[in-house]
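Order of the sequence lines fixes the chain letters, A, B, ..., with proteins taken first and strands second; residue numbering starts at 1 for each chain.
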Amino acid sequence: MSLLNQRLHEVRQLLSKKELSVSELVDASFKRIAETEERVGAFLALNEENARREARRLDESGSADSGLLYGLPIGIKDNIVTEGLRTTCASRFLSNYDPIYDATVVTKLKGAQTVTVGKLNMDEFAMGGSTENSAFKPTRNPWDTERVPGGSSGGSAAAVAAGQVYFTLGSDTGGSIRQPAAYCGVVGLKPTYGLVSRFGLVAFASSLDQIGPIAKNVEDAAYALQAIAGHDSRDSTSANVEIPDYAAALTGDVKGLRIGVAKEYLGEGIDPAVKQRVMEALKTFESLGAAWEEVSLPHTEYAVAAYYLLASSEASSNLARFDGVRYGVRADDPDNLMELYRRSRSEGFGNEVKRRIMLGTYALSSGYYDAYYKKAQQARTLIKRDFDRVFEKFDLIIGPTAPTTAFKIGEQVGDPLTMYLNDICTIPVSLAGVPAISVPCGLADGLPVGLQIIGKPFDEAAVLRAAHAFESHTDHHKLRPAL
Amino acid sequence: MSISAKDVEHVANLARLTLTDEEKEQFAGQLSAILKYAEKLNELDTDGIEPTSHVLPLYNVMREDEVAPSLPIEKVMANAPEEEDGQFKVPSVLE
């Protein structure tokens, strides 16, 4: 078995006894990348020289007993800035951008002595659900390379599924960690909004964006979350809450847990095979002593419309900073300043980004603000109240992560609305700001299905406890693609 | 809501984008479909419902008004497409 597929405590033990060096671990990562990358295309940039230097440094002066994540090779989604390591957001606009600082999450992971092996492909500026909107190349699903890995953190999920790195960071705005994790058969955790600092995350929709880990099992996701969670004074939307010991939550015990199953997540549009896997998962929870009953989140059907208006509005504002003046690509020989802006942006942004900027600009424009933007914010209130109401009686909400398994590359690319509807199970959670995890719950026609476990705000411990208990009593997470 | 190519041109102008005629037509069709779908929200009775712009209670964060070092100029300019004398260079703003 590849070193990258081994469990954390096994790797730690080997490192601790000096039976394994960090350099060997990092070598194994680059070897696996060399074997698989041509077929998967998860990475936009490799950090080989620096990663090997860092591995040697740890081997010479580090200690495996200094932290849980010591020496682990990881990958970072390319919208999280890394000092001196090119960060493009998979956009032509930033194709020459070398950040001058690290994002807080990167600083924290460096502090935990992980080794960053590279930057991962994504939909341009995190806009998309398939990683086909990358300006540079599509990433392919390791389970079937004719299919998408999901998006926008498709590179982050595919790299873990292909065994290229130990864990990765992704970002989730409307489902961009959970949906690709589901499509690629790995674990993806979107924390509560505000739990993880967004300082250094290139903003798409600031009221929704949240960084989180993608890993091969719940235990690894919990340890990665532990490393990156916490208040950051450089992010004014960072929540100042106490961070619990997430590992302590991994007890395997869900006796007495009250689970709500949203009927809206299992209705029309959900593939019967996906529904079947979710129902089987509920039986597993039942057998472990948890109780479930059907609940309603009645405003679910309005979530996608509200989300695309709100996220696009915020995107149109956030992406105004890309003007070709201070960084990024600039159009050649503009006649005047306005032409510099227009041509730099028009040449730098891809179609999906332009579409969302224009949708947002339209929704915020004079005469339409109340009809679209304000209405969507009111719908958000109603969606959030749905969750508040259910969480008065239930500890968790469970449903599928995505309505179907991974679709074929190119299948939905000309139909943005259909593509947007793929996020119907993840978007309401994002609008409410609550935490959710996607864990593998079996296959449908040979492709992975994700089970989504949703928790109360800042109750990641309950989400992780349930996910870990499920994982401990099933073997779905051990399935690997034959790549 | 149906969006015409002319509407797209107007919005693109506000967003500082230049589109080809073909792109205007394509976006007009796609934005019309998305906005038509968004009209679903009109089914909702939102009278008296407060809009949620953020799930966290936000408040201003004030720091001490203390002098601290700025970023060195070479770092600020590190990614500048064009610079001169430590300043970002752009085409002339005034005729």
Side-chain angles (χ1 to χ4, degrees), chain A residues 96-98 100 193-194 207 233 236-237 239 299 301-302 304-306 308-309 316 320 323-330 334-343 345-346 349 351 354-355 357-359 361-362 365 371-372 374-382 384 416-417 420 431-433 457, chain B residues 1 3 7-8 10-20 23 26-27 30-31 33-61 63 71-72 74-83 88-95:
Chain A
N96 61 1
Y97 180 63
D98 296 319
I100 57 167
Y193 182 84
S207 79
S233 59
S236 63
T237 60
H299 296 95
E301 63 176 305
Y302 302 102
V304 173
Y308 278 95
L309 291 173
S316 74
D323 55 12
V325 172
R326 291 149 300 142
Y327 46 77
V329 169
R330 174 185 288 198
D335 284 340
N336 54 51
L337 193 59
M338 188 59 85
E339 196 188 315
L340 182 153
Y341 297 154
R342 285 173 175 284
R343 282 189 31 222
R345 289 166 64 78
S346 301
F349 292 146
N351 270 350
K354 287 178 187 168
R355 186 159 44 236
I357 287 174
M358 286 193 293
L359 178 61
T361 305
Y362 186 84
S365 63
Y372 291 110
K374 189 178 170 196
K375 190 84 178 173
Q377 282 190 315
Q378 289 170 316
R380 185 179 191 178
T381 305
L382 295 172
K384 192 173 176 302
L417 190 55
Y420 295 172
L431 289 171
Chain B
M1 172 65 75
I3 304 285
D7 296 329
V8 171
H10 173 67
V11 174
N13 184 43
L14 294 174
R16 304 291 183 255
L17 292 168
T18 305
L19 304 177
T20 63
E23 283 176 321
Q26 188 194 10
F27 285 133
Q30 290 173 343
L31 292 175
I34 295 165
L35 287 169
K36 188 165 184 294
Y37 179 75
E39 279 167 16
K40 231 181 136 49
L41 294 177
N42 292 335
E43 295 167 10
L44 281 174
D45 178 4
T46 51
D47 274 359
I49 303 292
E50 281 295 305
T52 296
S53 56
H54 238 274
V55 291
L56 290 174
L58 290 181
Y59 47 89
N60 283 336
V61 179
R63 65 167 168 78
L71 283 171
E74 61 273 15
K75 274 200 160 189
V76 175
M77 289 293 149
N79 284 288
E82 221 179 327
E83 66 133 333
F88 298 104
K89 194 174 176 185
V90 293
S92 59
V93 177
L94 301 172
E95 293 295 321

Proximity breakdown for [X] and chain B, heavy-atom pairs closer than 4.5 Å:
X	value
A:S316	neither
A:A432	backbone
A:E301	both
A:L340	side chain
A:N351	both
A:L309	side chain

For A:Y341, all residues meeting ring pair (Phe, Tyr, Trp, His ring centres under 6.0 Å), sequence neighbours excluded: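 So A:Y341 forms no ring pair (Phe, Tyr, Trp, His ring centres under 6.0 Å) with any residue.
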
Just to verify, what does B:H10 make a ring pair (Phe, Tyr, Trp, His ring centres under 6.0 Å) with, not counting sequence neighbours? none

Go through B:K40, B:K89, B:R63 and name the one with the most non-hydrogen pairs under 4.5 angstrom from chain A.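 Most pairs with chain A among the choices: B:K40.
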
Residue, of B:T46, B:L71, B:V90, that accumulates the most heavy atom pairs under 4.5 Å with chain A: B:T46

Can you check side chain to side chain contact (heavy atoms under 4.5 Å, CB included) on A:Q378 and B:L44, steps first, answer last? CA-CA 9 Å; A:Q378 289 170 316; B:L44 281 174; over 6 Å; no

Exercise: identify the closest heavy-atom pair between [X] and [Y]:
X	Y	value
B:F27	A:K354	CZ-CB, 4.0 Å
B:P81	A:G328	CG-O, 3.5 Å
B:V55	A:L431	CG1-O, 3.4 Å

If you round to the nearest 0.5 Å, how far is [atom2] of [Y] from [atom1] of [X]?
X	Y	atom1	atom2	answer
B:N13	A:M358	CG	CE	12.0 Å
A:K384	B:E50	NZ	CD	13.0 Å
B:Q30	A:R355	CD	CZ	4.0 Å
A:T361	B:R16	OG1	CZ	10.0 Å
B:L14	A:Y362	CG	OH	11.5 Å
B:T18	A:R343	OG1	CZ	9.0 Å

How about CD on B:E74, more than 12 heavy atoms from neighbouring residues, nucleotides or ligands closer than 6.0 Å, or not?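 Check passes, neighbour count above 12.
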
Test your reading of the model: is there a side-chain donor-acceptor pair from A:T381 to the backbone of B:T52, 3.5 Å cut-off? yes

